[in-house]
Amino acid sequence: MTSRDIRRQFLDFFASKEHKIIPSAPIVAKSDPTLLFINSGMAPLKDFFLGNQTPPAPRVADTQKCLRVSGKHNDLEDVGFDGYHHTMFEMLGNWSFGDYFKKEALAWSWELLTEVYKLPKDRLYVSVFKGDEKEKLPFDQEAFDTWKQFVPEDRILPFGKKENFWEMGDQGPCGPCSEIHVDLRSDEERAKKNGRELVNADDPNVIEIWNNVFMQFNRKADGSLEELPAKSVDTGMGFERLCRAVQGASSNYDTDVFSPLIQFLANYSGIAYTGTYPGVNEDWKKTDVAMRVVADHLRAVSFTIADGELPSNTGAGYVIRRILRRAVRYAYSFLNIKEPILYRMCPILADEFHDVFPELKAQQDFVVRVILEEEKSFLRTLESGLKRIENLDIQNNNISGQQAFELFDTYGFPIDLTRLIAREKGWTVDEDGFEKALNEQKDRSRRDAAKEVGDWTVLSGDNTIEFVGYDVLDTRGSQVVKYRTVVAKGQTQYQVVLDRTPFYPEGGGQVGDTGTMTFGAETVRVADTKKENDLVIHILDKLPADMTAPVMCQVDARKRHLTENNHSATHLLHAALRQVLGTHVQQKGSYLDDKALRFDFAHFQKLTDEELARIEHLVNEKIRQNIALGEDRRLPIEEAKKAGAMMLFGEKYGETVRMITFDPGYSRELCGGCHVKATGQIGLFKITAETAVAAGVRRVEAVTADGAEAYITENLSEVAALKNMLKTKDLAKAVTDLQEENKRLQKEIERLVQEQANALRGELRQQAQTVGNIRLVAAVLPIGDANAVKTLAFELERELAPAVVAFGSVSPEGKPLLTVKISDDLAKSQGLNAGTIVRELAQKFLKGGGGGQPFFATAGGSDASQLDAAVAAVRGYLQA
RNA sequence: GGGGGUUUAGCUCAGCUGGCUAGAGCGCUUGCAUGGCAUGCAAGAGGUCACCGGUUCGAAUCCGGUAUCCUCCA
């Protein structure tokens with residue numbers, strides 16, 4: 001059975017049990033501030049379990065893309081070393097929201113595994129919650145009784161809270177769970193030891209494949225548990241592990257999910273894959289680990305980029321960059337692949353998943369491009385790091401912790417490569433010092449990020465929040481639902497949630513509204529509005545005295561309208577880009593406030609001036625057509641699709657969506673933001689910049705309405721002022737002429753000074769005195785240019801050598817300069833030092849100081865009155 | 001968000017503790033050499049030392065700020 005069949009059959013099976021099959025949410029967790037990435041099947045469905053949102057159906061099933069690389073679930077370091085940990089994996093799940101419960105869930109899971117997938121029953125074990133006295137939780141009799149119908153009692157194993165009681169967080173829905181484990185050892189091994197002893201014992205061949213969580217309690221803030229009125233089921237089955245069990249493979253990596261990727265690597269590197277593991281095989285090969293790491297990481301990186309998260313140096317993007325670099329490092333060190341390789345594997349993956357996760361195939365060119373650029377840039381980093389290691393100041397054949405850390409921290413050179421190279425050279429690395437430096441840096445960052453989030457003070461149990469800001473900007477009679485205090489960086493903020501609000505929370509690229517809230521007679525400022533899942537959070541810098549008073553809200557209307565102009569203009573721009581450049585243009589990011597808009601999109605070349613002009617013109621044309629806003633607030637997503645609305649990869653859409661249309665034949669997008677009533681309101685659209693932000697991503701910045709007017713006025717008046725100053729119509733030519741003239745004049749001055757110096761030179765040569773066998777020229781020159789004096793000194797010295805030349809001169813600012821040139825061999829043989837001479841003389845006569853080399857030095861000062869004496873005093877040094 | 005680093009000729013970079021007439025390689029121009037090419041030799045052009053301010057007699061160099069890119073951490 002192929003992996004594709006296995007996935008298909010899971011979904012078909014639950015569809016036949018009246019489940020609604022829903023698509024995977026994007027792997028990047030955009031609306032959940034507690035997560036960077038979706039790390040479990042239930043994460044995107046959290047709001048349904050919490051009751052913040054109504055699920056699309058009481059029974060739902062899906063396969064969800066997950067990534068476990070940060071936070072509580074971090075499998076990154078295990079990947080490749082065993083056969084069943086992955087960064088990116090699929091979680092198959094079936095869900096009941098207050099519908100069926102334990103009996104059905106367990107019976108179906110048994111049916112699917114044994115009858116559809118035909119897993120041998122004698123290799124399956126199940127676990128149930130044995131209860132917990134401290135929490136006063138009973139043994140899960142219901143689960144036990146259900147299992148007894150299918151499974152012999154000695155294969156039903158009781159486990160405690162750690163293994164079999166599941167909680168989402170400190171608060172919220174939770175409950176006992178029941179897991180199904182499969183024993184994949186050989187018959188021979190199985191005969192030696194009973195499989196039940198190996199369940200939950202970290203045996204690589206006796207593994208959990210399916211967890212059924214029964215949410216029947218609510219954990220309250222005080223730690224107590226309360227029975228939920230509506231009981232739910234949350235299940236998760238690791239797809240890759242299931243494939244291994246069904247296909248009878250000895251590791252997840254030996255299934256057809258990974259084998260095409262591993263095969264490619266083996267062919268490309270010319271190294272055979274032998275499927276060995278440290279801890280299992282005595283002669284395990286690093287090349288096997290490396291191939292698994294590369295195959296695994298490629299999946300994580302590809303899917304995340306396809307969902308719109310680009311490698312970067314902060315947040316989720318930084319996690320992607322780290323995974324990608326880890327893969328490159330393994331290929332580089334162990335497979336001896338010193339050139340970009342991951343990007344070549346991406347198409348294999350795209351083909352493999354074109355029907356389940358079509359977003360990768362659809363954006364293949366883009367993802368390949370991004371990966372390739374990222375690989376190249378890391379290989380460059382490695383190269384410069386290698387160079388840096390070569391130049392290290394090595395003491396006692398030891399790379400100090402400080403050195404290793406600097407390589408890593410400042411130059412991005414991985415510590416394990418430092419170790420590798422050190423070993424090759426017979427050096428050691430001060431690991432403790434490195435760790436210490438790293439921990440210091442971590443502490444520093446954590447201290448900075450420290451934030452004190454107070455508990456919510458809940459005033460009303462009603463969790464539904466109504467946003468009315470599409471229609472009105474002022475409201476009366478709202479009530480505070482809850483509020484809390486947040487302290488970060490010594491600043492205190494107050495976060496307030498209302499039952500009804502006109503304030504738009506930051507989202508979809510649009511900034512949050514500002515304005516005021518009036519509680520009774522007290523008015524406070526709303527500094528910003530943000531969103532946390534579906535909560536609209538108003539940020540106040542002062543807490544009003546009476547939180548129970550009815551609230552009057554007033555959104556800053558001028559700012560909001562200017563923002564709306566920019567948002568609608570962004571839609572017009574997006575459509576124009578697709579019309580002018582092609583439909584490969586996909587939104588990759590957007591930011592807009594009352595001042596300007598910024599739009600990032602997938603495109604491979606710099607936009608030409610002509611393209612920009614056409615785009616700008618098209619947008620302005622649509623503005624002048626004064627197209628009325630088309631808004632469908634609650635449209636079933638299927639209908640929106642049919643209407644041809646633009647949907648974005650990496651965006652999570654509900655069952656019903658809001659569709660914004662400006663001319664059905666031009667721009668139609670799903671969008672939660674705020675828009676103008678008709679495009680004429682935008683007035684004018686002007687592009688101000690076009691730049692690159694990442695490989696394959698361009699950014700257009702623009703202004704509209706008042707901003708556009710100001711921009712144009714400012715630019716035109718600047719140009720007018722310049723034209724006026726230069727008395728010309730052709731600015732460019734006038735400036736070029738000026739530049740050339742300036743250069744010519746500068747050369748001319750140089751030449752004149754040189755001439756003057758030449759004239760002096762003959763005269764000075766005449767004046768040369770002889771002291772012993774040394775020729776001495778000492779004079780105060782009427783030249784202000786230090787460079788010319790220097791040149792003259794060098795020339796004269798060359799002509800008269802062995803010689804000492806000492807000049808005094810006065811700079812245009814009136815400051816004295818003493819310049820002394822001594823023939824090189826003279827300086828050496830006579831122990832003369834120009835630096836010492838000028839320093840002493842400058843101190844004595846010029847109120848200054850100086851220095852240089854023994855053969856040439858200069859000194860300056862602030863008093864030019866005794867310059868003659870200073871120059872004359874040079875002679876004294878020769879006789880001594 | 002916090003730390004470290006980068007910014008010098010068209011490109012890649014050197015320039016240690018303040019004073020070297022700002023350099024190297026590649027590229028460019030011109031001339032010469034070889035039958036041609038690869039190339040070699042010689043001469044030359046090309047620099048607001050990222051920007052703003054400060055310290056100093058004097059700043060590419062030291063200090064502060066801004067921008068930029070790189071990098072680590074959160």
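Throughout, protein chains are lettered first and strands after them, A, B, ... in sequence-line order, and every chain is numbered starting at 1. All values derive from a computational prediction rather than experimental measurement.
With both pairing distances under 3.5 Å, B:A14 is matched to nothing as a Watson-Crick or G-U wobble pair. Checking B:A67 for Watson-Crick or G-U wobble geometry (two distances, each under 3.5 Å) identifies B:U7 as its partner. Using Watson-Crick or G-U wobble geometry with both donor-acceptor distances under 3.5 Å, B:U55 finds no partner in any strand shown. Searching all strands for a Watson-Crick or G-U wobble partner of B:C32 with both distances below 3.5 Å returns B:G40.
Distance noted for atom C1' between B:U30 and B:A45: 10 Å (whole Å). Taking atom P in both B:C11 and B:U21, one finds a spacing of 27 Å when rounded to whole Å. Comparing B:G25 with B:A14, their P atoms are spaced 16 Å from each other, to the whole Å.
By the 30° and 60° cut-offs, the orientation of the rings of A:Phe408 relative to A:Phe405 is tilted.
When the shell of 6.0 Å around CG of A:Asp609 is examined, it contains 12 or fewer heavy atoms from other residues, nucleotides or ligands.
Residue contacts for A:Thr314: at a heavy-atom cut-off of 4.0 Å it reaches a base atom on one of the strands shown.
In this structure, A:Arg380 does not pair ionically with A:Glu383, as no charged nitrogen and carboxylate oxygen lie closer than 4.0 Å. Taking a cutoff of 4.0 Å between a charged side-chain nitrogen and a carboxylate oxygen, A:Glu701 and A:Arg598 do not qualify as a salt bridge. Electrostatic pairing of A:Arg419 and A:Glu431 counts as a salt bridge here, judged by a charged N lying under 4.0 Å from a carboxylate O.
For A:Lys815, counting side-chain heavy atoms from C-beta on, the closest listed nucleotide (B:G58, B:U71, B:C72) is B:G58.
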Working for side-chain hydrogen bond (donor to acceptor under 3.5 Å, both in side chains), residues A:Ser400 and A:Asp430: CA-CA 5 Å; A:Ser400 74; A:Asp430 174 10; over 6 Å; no
B/S/- contact track for nucleotides 2-23 of chain B, protein heavy atom under 4.0 Å: BBBS-------------BSB--
